[in-house]
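Down below is the structure, laid out as structure tokens.
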Amino acid sequence: MALGFIKKVFTFGKDKAADAPTRLTAEEKAAIGAESEPKDRHEDLPLAEDPVISAEVETAAGPSDDFSEEDLSLEPLELLQAETKEEVPADSDQQPQTMQDTDVSDSVTAASADGPEPAVPVLPKGFAAAELGAAEPEAPAPSEKLSWFQRLKAGLFRTSSQLTGQITALFTKRKLDDETLEELEDLLIQADLGVETALRVTDTLASERYGKDVTGEDVTRIMAAEIVKVLKPVAKPLALDLSHKPHVILVVGVNGTGKTTTIGKLAAKLSGSGLKVMLAAGDTFRAAAIEQLKIWADRTGSTFIGTKLGADAAGLAYEAFEKAKAEKSDVLIIDTAGRLQNKTELMAELEKIVRVLGKLDPDAPHTVLQTLDATTGQNALQQVEIFRNIAGVNGLIMTKLDGTARGGILVAIAAKHKLPVYFIGVGEGIDDLEPFEAEDFASAIAGIAR
């Protein structure tokens with residue numbers, strides 16, 4: 001650009017006749033000289049001692065003019081890399097630098113070792129810095145095995161917590177009067193305890209504390225005592241008449257109430273006591289039920305008898321009885337298909353099974369157990385009534401007391417139907433089926449420790 005300017009200055013008006021020669025002042029001459037001075041002039045500057053170039057820089061014009069090929073080949077690349085790892089003296093003011101591309105992690109390590117750690121950036125709201133290394137999780141401490149009552153109390157937690165909480169709120173700083181008794185009766189009915197049990201509790205409470213201050217503890221204590229009075233007569237052991245070989249147990253119930261699992265648990269208890277048990281897969285509508293019962297038979301050392309999917313369940317019951325009698329089995333437990341109590345054709349099939357067994361032995365089936373899902377609520381009352389009329393149910397097993405249960409319905413069923421309650425289940429494990437105890441059940445519902 002400077003040369004072009006000079007050319008213009010000295011050639012300006014060359015093609016034209018000038019009236020007078022162009023003369024430059026001293027200042028203009030100095031400006032032109034400064035403008036024409038090359039800016040890329042090399043000055044004799046001091047060089048750093050022992051400069052190191054670890055790699056050539058590739059450019060379109062080849063290596064940089066600052067170094068000759070001879071300079072670049074003074075030392076091998078491996079030797080130069082080794083030199084960069086040597087410790088630099090503490091009193092050295094300069095650090096050797098290289099143009100080699102290094103890994104980011106090596107740079108971070110070197111920076112933290114040779115100087116202060118970089119400040120951690122402050123992230124905006126909604127962000128968090130990721131941890132460099134996840135800590136190894138500690139081994140969980142072995143959990144204590146809960147007692148049967150603790151598991152039962154956990155299974156009835158929903159009923160007890162809701163009921164006791166409402167009772168405490170109702171009797172806070174309040175005397176017992178007719179209005180309070182009526183509200184308490186509504187609470188007990190809503191908890192599925194039934195009208196009969198609710199009246200028993202309110203009548204007893206009124207006779208003891210009417211017109212007086214009443215606490216929630218007073219109410220739960222009286223409620224637990226009245227529930228025990230209702231449940232005590234039905235808390236019975238399952239009696240087996242082993243003079244009949246086999247003693248036939250028919251298990252019925254609605255879909256999903258845990259019939260097959262309950263049969264497996266019963267078989268475990270019986271075979272564990274030395275009895276010879278046979279299991280018959282009478283639920284011929286579900287392949288999964290047949291396979292599940294087969295697994296339980298293998299686990300408990302029981303004999304298994306089944307048939308093809310869709311076969312006649314009454315015919316299977318006939319074959320199972322004959323085989324159990326020939327093999328002198330002590331107990332024969334027959335599974336049945338889950339059926340809704342309002343399906344007439346399915347209930348007719350169940351009635352047929354009972355008739356066939358009665359022809360083989362007038363007293364068979366000797367025990368008809370109905371499984372009840374503790375989460376069912378009021379619908380369980382209707383189920384018991386219909387199955388009792390069709391199949392002659394003479395004993396109950398309540399299952400699925402798993403914390404979401406509405407176990408109060410068992411109290412209402414016991415008060416209305418007076419059927420024995422033999423076992424209750426709190427889970428799927430083989431040890432999660434235990435004999436029914438009225439005191440434990442009442443205390444668990446009332447939230448009273450034992």
Side-chain donor or acceptor of [X] paired with backbone N/O of [Y] under 3.5 Å:
{"X": "Thr202", "Y": "Leu199", "answer": "yes"}
{"X": "Ser207", "Y": "Thr204", "answer": "yes"}
{"X": "Ser273", "Y": "Leu270", "answer": "yes"}
{"X": "Ser302", "Y": "Ala267", "answer": "no"}
{"X": "Thr257", "Y": "Asp373", "answer": "no"}
{"X": "Asn389", "Y": "Glu385", "answer": "yes"}
{"X": "Thr197", "Y": "Gly194", "answer": "no"}
{"X": "Ser271", "Y": "Thr300", "answer": "yes"}

Contact check, side chains of [X] and [Y], non-hydrogen atoms, under 4.5 Å:
{"X": "Val219", "Y": "Val214", "answer": "yes"}
{"X": "Ile413", "Y": "Leu381", "answer": "yes"}
{"X": "Ile445", "Y": "Ile227", "answer": "yes"}
{"X": "Asp213", "Y": "Leu176", "answer": "no"}
{"X": "Ile249", "Y": "Val368", "answer": "no"}
{"X": "Leu250", "Y": "Thr367", "answer": "no"}
{"X": "Val252", "Y": "Leu350", "answer": "yes"}
{"X": "Val195", "Y": "Ile189", "answer": "yes"}

Salt bridge (charged side-chain N to carboxylate O under 4.0 Å, His left out) partners for Arg200, two or more places apart:
Glu226
Which residues satisfy the salt bridge (charged side-chain N to carboxylate O under 4.0 Å, His left out) test with Asp241, sequence neighbours excluded?
none
Any salt bridge (charged side-chain N to carboxylate O under 4.0 Å, His left out) pairs touching residues 295-308, not counting sequence neighbours?
Lys294-Asp298
Residues pairing under salt bridge (charged side-chain N to carboxylate O under 4.0 Å, His left out) where one sits in residues 312-326, two or more places apart or in two chains, turn out to be Asp312-Lys352
Sorted by chain and number, sequence neighbours left out, ring pair (Phe, Tyr, Trp, His ring centres under 6.0 Å) with Phe321 holds for none
Quick one: closest heavy-atom pair of [X] and [Y], and the distance?
{"X": "Gln370", "Y": "Gly253", "answer": "CG-CA, 4.4 Å"}
{"X": "Leu170", "Y": "Leu187", "answer": "CD2-CD1, 4.0 Å"}
{"X": "Lys175", "Y": "Thr180", "answer": "O-OG1, 3.5 Å"}
{"X": "Asp335", "Y": "Thr260", "answer": "OD2-OG1, 2.9 Å"}
{"X": "Ile409", "Y": "Ala380", "answer": "CG1-CB, 4.2 Å"}
{"X": "Ala311", "Y": "Thr284", "answer": "O-OG1, 2.9 Å"}

Could you give the distance from [atom1] ([X]) to [atom2] ([Y]), rounded to the nearest 0.5 Å?
{"X": "Phe441", "Y": "Lys232", "atom1": "CZ", "atom2": "NZ", "value": "14.5 Å"}
{"X": "Phe387", "Y": "Thr371", "atom1": "CZ", "atom2": "OG1", "value": "8.0 Å"}
{"X": "Thr399", "Y": "Leu433", "atom1": "OG1", "atom2": "CG", "value": "9.5 Å"}
{"X": "Leu396", "Y": "Leu369", "atom1": "CG", "atom2": "CG", "value": "8.5 Å"}
{"X": "Leu309", "Y": "Glu291", "atom1": "CG", "atom2": "CD", "value": "12.0 Å"}
{"X": "Lys259", "Y": "Ile333", "atom1": "NZ", "atom2": "CD1", "value": "14.5 Å"}

Side chain to side chain donor-acceptor pair (under 3.5 Å) involving [X] - partner list, sequence neighbours excluded:
{"X": "Gln378", "answer": "Asp192"}
{"X": "Lys245", "answer": "Asp330"}
{"X": "Ser160", "answer": "none"}

Under 3.5 Å, is there a donor on one side chain and an acceptor on the other for Asp218 and Thr215?
yes
Audit row: Met278, Ile305, side-chain contact (heavy atoms from CB on, under 4.5 Å) steps and yes/no
CA-CA 8 Å; Met278 178 179 290; Ile305 181 171; 4.1 Å; yes
Passes side-chain contact (heavy atoms from CB on, under 4.5 Å), Leu316 versus Ile353? Steps please.
CA-CA 9 Å; Leu316 174 70; Ile353 295 175; over 6 Å; no
Quick one: ring-ring contact (aromatic ring centres under 6.0 Å, His included) pairs with a partner in [range], sequence neighbours left out?
{"range": "residues 207-238", "result": "none"}
{"range": "residues 288-312", "result": "none"}
{"range": "residues 218-246", "result": "His244-His366"}

Name all pairs fulfilling the side-chain hydrogen bond (donor to acceptor under 3.5 Å, both in side chains) condition that reach into residues 416-426, sequence neighbours left out, sorted by first residue then second.
none
Using side-chain contact (heavy atoms from CB on, under 4.5 Å), reason through Glu439 and Leu231 one step at a time and then give a plain yes or no.
CA-CA 8 Å; Glu439 292 83 358; Leu231 296 180; over 6 Å; no
Counting only heavy atoms not in Glu327 (residues, nucleotides, ligands), do more than 12 fall under 6.0 Å from its CD?
yes
May I have the step-by-step check of side-chain contact (heavy atoms from CB on, under 4.5 Å) for Met223 and Leu163, ending in yes or no?
CA-CA 11 Å; Met223 179 179 65; Leu163 185 57; 3.5 Å; yes
